[in-house]
Amino acid sequence: MSHVLIIGAGGVGRVVTHKCVMNKKTFTKITLASRRIQSCKTIADELPLNAINIEEIDADNTHELAELIKRIGAQIVINVALPYQDLTIMDACLLTNIPYLDTANYEHPDEAKFEYKEQWAKDKAFKEKGLMALLGSGFDPGVTNVFCAYAQKHYFDEIHSIDILDCNAGDHGYAFATNFNPEINLREVSAKGRYWEEGKWIETEPMEIKMLWDYPEIGPKDSYLLYHEEMESLIKHIKGLKRIRFFMTFGESYLSHMKCLENVGMLGIKEVEHKGQKIIPMEFLKTLLPDPASLGPRTKGLTNIGIVAEGLKDGKKKKIYIYQVSDHEKCYAQVKSQGVSYTTGVPAMIGAKLMIEGKWSGEGVFNMEEFDPDVFMHELSQQGLPWKIKELN
Ligand code: NDP
């Protein structure tokens, strides 16, 4: 039905590509494009002969990308490159009149800010062209937004509080490594924490707020309050919301390594001079750390990401937990990627599938919770991310 252009042949790009190939009825033609053709070739070699086409592209260059889209006749873009490319890729979609989807909000390479402002500002342009852009179709953001919309639709008249709970209990055997792009990951976790309460954002020091949460199928884990981008859109779209927080688990070893790297300046994103050369410490660190893609075959254990929502139904208090558990080894066996890439790549494919099938449609720039959650929840169960609901009262 549609020719999809997947941009970014990294960990998430691998999963999206494998999953699109598994959904050939929807994705009748698949092109994978990335900065280095070799990254695309590696993924193409894992798939049946001629299952996908590959292209080299620098997605920072809007005009080159628009040329590529026109030349190959792509009909939708799944952007799983880095958040730095979001705006240029959205612009290329506008130039060529095709819909857009991504999994992470735009970030400027020189400034670690997590906000939708610049992407939401393109709403008018997408509306004028009658095109749809779907933002944050990964797991968190992504499935967590859909879980909130599902809770709102089926369980509550008003949701008063949401906690998003992200646990990766996988073990890759290294003292320190990140499960997705190290630069993006470390920028996120070393930033100040923030949550929203009674109409205001409250800032915390990094990792200042900690709680012990008992994750089903995993057990109790220390979980730290972070800022996470889906909160910015959920406060606009969830009725009656008074508080929203995001927690992520970190092991002792991860935290002590990160603290030490931060203390010596290795998480810096500003250029420093080293023996006459300019380097960015965080980029250099990325070169030293294991490639997240290499963690796949060595990672064992489970992930559990979900939401706890509390509020009112028919005048009575209600509290529910919706969550999804994935097994790193099973993910690797299916698509040669560990669970973090898997749980991001599957929802990216599903978002595009629903757009192509017209089940999620609109004109403008949208976040996930703005659409009917039922069709997405159904696809999650079908496409390898079965979820569960627990009533907590
Ligand atoms: P990787 O670093 O593994 O992959 C990113 C890929 O993007 C690389 O393969 C790289 O290409 C490619 N790329 C980088 N710059 C360009 C460019 N200018 N033009 C074309 N291609 C480029 O990252 P991940 O796969 O781990 O993450 C991908 C995205 O998913 C990120 O935006 C990340 O923030 C997001 N994410 C979202 C999550 C969610 O739940 N919502 C969770 C995890 C990640 P090459 O190899 O060719 O050099």
Asker: Please determine if R36 and E56 form a salt bridge, counting it only when a charged side-chain N lies under 4.0 Å from a carboxylate O.
Answerer: no
Asker: Same cluster or not: L289 versus F284, using hydrophobic residues (I, L, V, M, F, W, Y) connected whenever any side-chain heavy atoms lie under 4.5 Å apart?
Answerer: yes
Asker: Give a yes or no on whether a salt bridge exists between K127 and D123, defined as a side-chain N under 4.0 angstrom from a carboxylate O.
Answerer: yes
Asker: Do Y227 and W196 have ring centres separated by under 6.0 Å?
Answerer: no
Asker: Keeping the roles fixed (side chain from T299, backbone from G170), state whether a donor-acceptor pair exists under 3.5 Å.
Answerer: no
Asker: Can you confirm whether more than 12 heavy atoms, excluding those of K122, are under 6.0 Å from its NZ atom?
Answerer: yes
Asker: I'd like to know if the side chain of S34 and the backbone of A9 have a donor-acceptor N/O pair within less than 3.5 Å.
Answerer: yes
Asker: Kindly determine whether N145 and N367 satisfy side-chain hydrogen bond (donor to acceptor under 3.5 Å, both in side chains), including the steps that lead there.
Answerer: CA-CA 8 Å; N145 304 56; N367 293 89; over 6 Å; no
Asker: For F126, which fellow cluster members are found when Ile, Leu, Val, Met, Phe, Trp and Tyr are connected by side-chain heavy-atom distances below 4.5 angstrom, either directly or through intermediates?
Answerer: L5, I7, I57, L65, L68, I69, I72, V77, I89, M90, L94, I98, Y100, Y116, W120, L131, L135, V365
Asker: For P347 versus G138, what's the shortest heavy-atom pair and its separation?
Answerer: CB-O, 3.2 Å
Asker: Are L165 and Y215 close enough, and set up right, to give a side chain to side chain contact (heavy atoms under 4.5 Å, CB included), and what steps lead you there?
Answerer: CA-CA 9 Å; L165 300 153; Y215 292 88; 3.8 Å; yes
Asker: Give the ring-plane orientation class for F147 versus F139, where under 30° counts as parallel, over 60° as perpendicular and anything between as tilted.
Answerer: perpendicular
Asker: Charged N to carboxylate O under 4.0 angstrom, E67 versus R71?
Answerer: no
Asker: Look at atom NZ of K24 and say whether more than 12 heavy atoms of other residues, nucleotides or ligands are closer to it than 6.0 Å.
Answerer: yes
Asker: Donor-acceptor pair, T42 side chain versus Q38 backbone, under 3.5 Å?
Answerer: yes
Asker: Passes side-chain hydrogen bond (donor to acceptor under 3.5 Å, both in side chains), E369 versus S233? Steps please.
Answerer: CA-CA 8 Å; E369 66 276 15; S233 68; 2.7 Å; yes
Asker: By salt bridge (charged side-chain N to carboxylate O under 4.0 Å, His left out), which residues pair with D171, not counting sequence neighbours?
Answerer: none
Asker: So, K192 and E205, do they make that salt bridge, N to O below 4.0 Å?
Answerer: yes
Asker: Got a donor-acceptor contact below 3.5 angstrom from the D327 side chain to the E329 backbone?
Answerer: yes
Asker: Determine the sole option in I6, T17, N23, L354 for which the side chain to side chain contact (heavy atoms under 4.5 Å, CB included) test with M349 is passed.
Answerer: N23
Asker: Would you find more than 12 non-hydrogen atoms of other residues, nucleotides or ligands less than 6.0 Å from K153 atom NZ?
Answerer: yes
Asker: Check step by step if side-chain hydrogen bond (donor to acceptor under 3.5 Å, both in side chains) holds for D102 and Q119.
Answerer: CA-CA 11 Å; D102 68 28; Q119 290 181 277; 2.8 Å; yes
Asker: Looking at S190 and L186, would you say the former's side chain and the latter's main chain have a donor-acceptor pair under 3.5 Å?
Answerer: yes
Asker: Which atom names give the shortest non-hydrogen contact between N105 and P83, and what distance separates them?
Answerer: O-CB, 3.2 Å
Asker: Does R298 qualify as a cation-pi partner of Y174, given the criterion of NZ or CZ under 6.0 Å from the six-membered ring centre and within 45 degrees of its axis?
Answerer: yes
Asker: Tell me, do H63 and N61 make a side-chain contact under 4.5 Å, heavy atoms counted?
Answerer: yes
Asker: Are the aromatic rings of Y332 and H328 close, with centres under 6.0 Å apart?
Answerer: no
Asker: Answer yes or no: does atom NE2 of H154 have more than 12 heavy-atom neighbours from other residues, nucleotides or ligands under 6.0 Å?
Answerer: yes
Asker: Test ring pair (Phe, Tyr, Trp, His ring centres under 6.0 Å) on F376 and W360 and set out the steps.
Answerer: CA-CA 9 Å; F376 203 100; W360 276 15; 5.1 Å; yes
Asker: Mind telling me whether Y224 and F250 have parallel, tilted or perpendicular rings, with 30° and 60° as the class edges?
Answerer: tilted
Asker: Please report the shortest heavy-atom distance between D222 and K210, naming the atom on each side.
Answerer: OD2-NZ, 3.6 Å
Asker: Salt bridge or not between K239 and D157? Use side-chain N to carboxylate O under 4.0 Å.
Answerer: no
Asker: Using a strict threshold of under 4.0 Å (side-chain N to carboxylate O), is an ion pair present between R14 and E46?
Answerer: yes
Asker: Please check: side-chain N/O of K129 versus main-chain N/O of K124, any donor-acceptor pairing under 3.5 Å?
Answerer: no
Asker: Check whether any side-chain heavy atom of E198 lies under 4.5 Å from a side-chain heavy atom of R243, and answer yes or no.
Answerer: no
Asker: Treating H378 as the side-chain partner and D374 as the backbone partner, does any N or O pair qualify as donor plus acceptor under 3.5 Å?
Answerer: no
Asker: For S337, is there any backbone N or O sitting under 3.5 Å from a side-chain donor or acceptor partner on S341?
Answerer: no
Asker: Could you check whether any side-chain heavy atom of M258 comes within less than 4.5 Å of a side-chain heavy atom of L261, counting everything from C-beta outward?
Answerer: no
Asker: Within this structure, what is the CE-NE2 distance for the pair M266 and H257, rounded to the nearest 0.5 Å?
Answerer: 12.5 Å
Asker: Under the side-chain hydrogen bond (donor to acceptor under 3.5 Å, both in side chains) criterion, do K330 and Y342 qualify, and how do the steps go?
Answerer: CA-CA 10 Å; K330 285 189 187 149; Y342 187 88; over 6 Å; no
Asker: Do I164 and F247 touch side chain to side chain, with heavy atoms closer than 4.5 Å?
Answerer: no
Asker: Would you please name every residue forming a salt bridge (charged side-chain N to carboxylate O under 4.0 Å, His left out) with D166, sequence neighbours left out?
Answerer: none
Asker: Would you call the rings of W213 and Y321 parallel, tilted or perpendicular, taking 30° and 60° as the class edges?
Answerer: perpendicular
Asker: Any sub-3.5 Å donor-acceptor pair from E115's side-chain atoms to K117's backbone N or O?
Answerer: no
Asker: Taking the side chain as every heavy atom from C-beta outward, state whether V325 and T303 have any atom pair closer than 4.5 Å.
Answerer: no
Asker: Taking N168's backbone N and O only, do any of them form a donor-acceptor pair with T249's side chain (distance below 3.5 Å, no angle check)?
Answerer: yes
Asker: Write down the atom of E229, the atom of P141, and the distance for their closest heavy-atom approach.
Answerer: OE2-CG, 3.3 Å
Asker: Would you indicate whether E252, at its atom CD, is surrounded by more than 12 heavy atoms from other residues, nucleotides or ligands within a distance under 6.0 Å?
Answerer: no
Asker: Quick check on E391: does its CD atom have over 12 non-hydrogen neighbours (other residues, nucleotides or ligands) under 6.0 Å away?
Answerer: yes
